[in-house]
**Student:** 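If you scroll down you'll find the structure; I have some questions about it.
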Amino acid sequence: MNTAFYDGPSLEEGGTSIRGRGPAPYVRRLAEQLEPGTTILDYGAGRYARNADFLRKLGFTVYAYDPFNGRGKDGYRMGAVSRLLPCRHFDLGLTCYVLNVVPESVESQIVAEVAGLSDEQLHVTRSMDIFDSIKNALQRGDETVCAFFEEHYAPGRRVATAFREGRLTDRQIVAFCRFGVQTSRGFQRIPDLEAKGFNVAGGGRGYRAFTTETG
C-alpha cells in the first residue's frame, strides 16, 4: 500500500538550522510591509534566530520558538530561542524554511499550532529548487536518495519499473518530491499549502510564500 506523503517517523531533529548572515530575503521584504507594533511568533526559528533577531532590531516584538534548537524559556530577547511554545496570541505567525524539512503530517501539526497562536500566518518554504537537486541526485545514483526512493516511495507504485530502467519523467520526480525524500543533507519536501487553503504571497523557483491573508 502506498500513500500520497511519507508517513514514517520524522527524520530530522533540527539539523537543518543554518548560521548564515542576516535574515532570509523574503523576511527582509516582509519587514518593510509590517505595521509598527506587530507581534510575531517565529516558529522553528532555528539555533541562530537569524530572522527573529533581524525583526527584533527593527523594534518588533518577536517570540522565537524551536522545539529542537531552543535553549530555555525566554523567546523574546536578542539571540534567544525558546524550547517552549508561548502562552499568548500574536498578530503574525511565521515559519521560514521549516515546512519543507518535515513530513506532511508534521506540517499539518505545525500549521495548526501556528493558527492557534496567531491572527495571520505566513509560511516561507523552498520550492522547485528541491526538484532540481533531487532529479540530479537520482540521475547520478545518489545512494541516500535512491535508497529512500526504493524503500519508501516505489513499493506498490508503477513508477518502480521506470526507476529501475532509468526513465523517470519530471512529473514522476515532482510527485516524489511532494511525497518527501531523505537526502544526505536532510529530509526535503515540496509543500503545497494552496491545497490547504493558503494564498500565494510571492515566490520564485527557489521559494514560495503562503499566507492566510486575502487580497
Side-chain angles (χ1 to χ4, degrees), residues 10 12-102 104-127 191-204 206-215:
S10 215
E12 307 299 330
E13 292 190 357
T16 56
S17 186
I18 300 173
R19 184 182 294 274
R21 292 184 179 179
Y26 194 85
V27 172
R28 190 180 295 276
R29 291 193 291 276
L30 170 67
E32 299 174 355
Q33 304 167 16
L34 293 174
E35 294 290 335
T38 298
T39 59
I40 303 165
L41 167 64
D42 184 1
Y43 189 114
R47 185 175 305 160
Y48 307 107
R50 295 166 50 209
N51 297 318
D53 277 353
F54 170 76
L55 293 167
R56 287 162 175 161
K57 288 178 181 177
L58 294 177
F60 296 104
T61 297
V62 183
Y63 187 98
Y65 163 74
D66 195 301
F68 301 113
N69 295 295
R71 296 180 293 276
K73 298 180 181 179
D74 183 359
Y76 289 108
R77 63 179 172 81
M78 288 293 296
V81 179
S82 176
R83 68 176 185 274
L84 301 175
L85 279 170
C87 297
R88 63 164 288 182
H89 205 76
F90 297 83
D91 297 320
L92 176 67
L94 168 70
T95 71
C96 191
Y97 302 120
V98 172
L99 301 185
N100 54 271
V101 298
V102 297
E104 193 275 340
S105 59
V106 179
E107 172 195 285
S108 295
Q109 173 191 330
I110 292 172
V111 167
E113 287 184 338
V114 174
L117 291 167
S118 60
D119 294 330
E120 301 290 346
Q121 296 181 59
L122 177 66
H123 301 286
V124 183
T125 76
R126 285 182 62 194
S127 185
D192 183 14
L193 292 181
E194 285 181 278
K196 294 184 177 180
F198 285 82
N199 304 299
V200 177
Y207 78 93
R208 295 187 87 189
F210 300 89
T211 182
T212 49
E213 290 185 343
T214 57

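Hydrogens, waters and symmetry mates are skipped; everything else that's a heavy atom, side chains included, is used. Note that the coordinates shown come from a computational prediction; the quantities given were computed from them, not determined experimentally.
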**Student:** Testing the basics here: between D53 and G79, what is the closest heavy-atom pair and its distance to 0.1 Å?
**Tutor:**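 So the minimum-distance heavy-atom pair works out to OD1-N, 2.8 Å.
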
**Student:** Which of these, V106, D42, I110, sits in a side-chain contact (heavy atoms from CB on, under 4.5 Å) with V98?
**Tutor:**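 Answer after filtering V106, D42, I110: I110.
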
**Student:** In terms of side-chain heavy atoms, does Q109 have a donor or acceptor partner in S105 at a distance below 3.5 Å?
**Tutor:**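 Looking only at side-chain atoms, S105 and Q109 do not form any donor-acceptor pair under 3.5 Å.
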
**Student:** Just wondering, do I40 and L34 contact through their side chains at under 4.5 Å, heavy atoms?
**Tutor:**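 Touching, per the 4.5 Å side-chain cut-off.
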
**Student:** Can you tell me how far the CZ atom of R56 sits from the OH atom of Y76, to the nearest 0.5 Å?
**Tutor:**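 One gets 10.0 Å once the value is rounded to the nearest 0.5 Å.
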
**Student:** Please report the closest heavy-atom contact between F60 and P36, naming both atoms and the distance.
**Tutor:**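 In terms of heavy atoms, the two residues are closest at CE2-CA, 4.4 Å.
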
**Student:** Please step through side-chain hydrogen bond (donor to acceptor under 3.5 Å, both in side chains) for the pair N199 and T211, ending with a clear verdict.
**Tutor:** CA-CA 5 Å; N199 304 299; T211 182; over 6 Å; no

**Student:** Report yes if some heavy atom in the side chain of K196 is under 4.5 Å from a heavy atom in the side chain of E107; otherwise report no.
**Tutor:**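 In short, these two side chains touch, coming nearer than 4.5 Å.
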
**Student:** Hey, could you give me the CG/OG1 distance between L122 and T212, rounded to the nearest 0.5 Å?
**Tutor:**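 Reported to 0.5 Å precision, the distance equals 8.5 Å.
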
**Student:** Can you tell me how far apart CG (L99) and CD (E104) are? Round to the nearest 0.5 Å.
**Tutor:**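 The CG atom of L99 sits 10.0 Å away from the CD atom of E104.
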
**Student:** Answer whether the closest heavy-atom distance between the side chains of V81 and R47 falls below 4.5 Å.
**Tutor:**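 V81 vs R47: side chains apart.
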
**Student:** Any side-chain heavy atom of L92 within less than 4.5 Å of one from S118?
**Tutor:**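 Heavy-atom side-chain distance check fails, nothing below 4.5 Å.
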
**Student:** Is the shortest side-chain heavy-atom distance between Y63 and S82 below 4.5 Å?
**Tutor:**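 Answer yes - side chains close enough.
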
**Student:** Taking all atoms of both residues into account, what is the closest heavy-atom pair of Y26 and A209, and its distance?
**Tutor:**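 Smallest interatomic distance, heavy atoms only, reads CZ-CB, 3.5 Å.
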
**Student:** Can you measure from CG (L84) to CG (D74) and round to the nearest 0.5 angstrom?
**Tutor:**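 Between atom CG of L84 and atom CG of D74 there are 10.5 Å.
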
**Student:** Look at the side chain of R83 and the backbone N and O of P67, then say whether any donor-acceptor pair between them is shorter than 3.5 Å.
**Tutor:**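 Such a contact is absent between R83 side chain and P67 backbone.
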
**Student:** Grab the two heavy atoms, one from V27 and one from C96, that are nearest each other, plus how far apart they are.
**Tutor:**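 Looking at all heavy atoms of both residues, the closest pair is CG2-SG, 4.1 Å.
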
**Student:** Can you name the closest pair of heavy atoms from G46 and N69 and give their distance?
**Tutor:**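 Taking every non-hydrogen atom into account, C-CB, 3.8 Å.
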
**Student:** With H123, which of Y43, F198, F210, Y97 fulfils ring pair (Phe, Tyr, Trp, His ring centres under 6.0 Å)?
**Tutor:**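 When Y43, F198, F210, Y97 are each tested with H123, the ring pair (Phe, Tyr, Trp, His ring centres under 6.0 Å) holds only for F198.
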
**Student:** CZ of R50 to CG of L55: how many Å apart, nearest 0.5 Å?
**Tutor:**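 CG of L55 is found 12.0 Å from CZ of R50.
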
**Student:** Given side chains that start at C-beta, do those of T39 and R88 come closer than 4.5 Å, heavy atoms only?
**Tutor:**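 They are in contact (side-chain heavy atoms under 4.5 Å apart), so the answer is yes.
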
**Student:** Is it true that, when you exclude E35 itself, more than 12 heavy atoms of the residues, nucleotides or ligands shown sit nearer than 6.0 Å to its CD?
**Tutor:**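 No.
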
**Student:** How far apart are the closest heavy atoms of D66 and G44, and which atoms are they?
**Tutor:**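 Closest heavy-atom pair between D66 and G44: OD2-C, 3.4 Å.
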
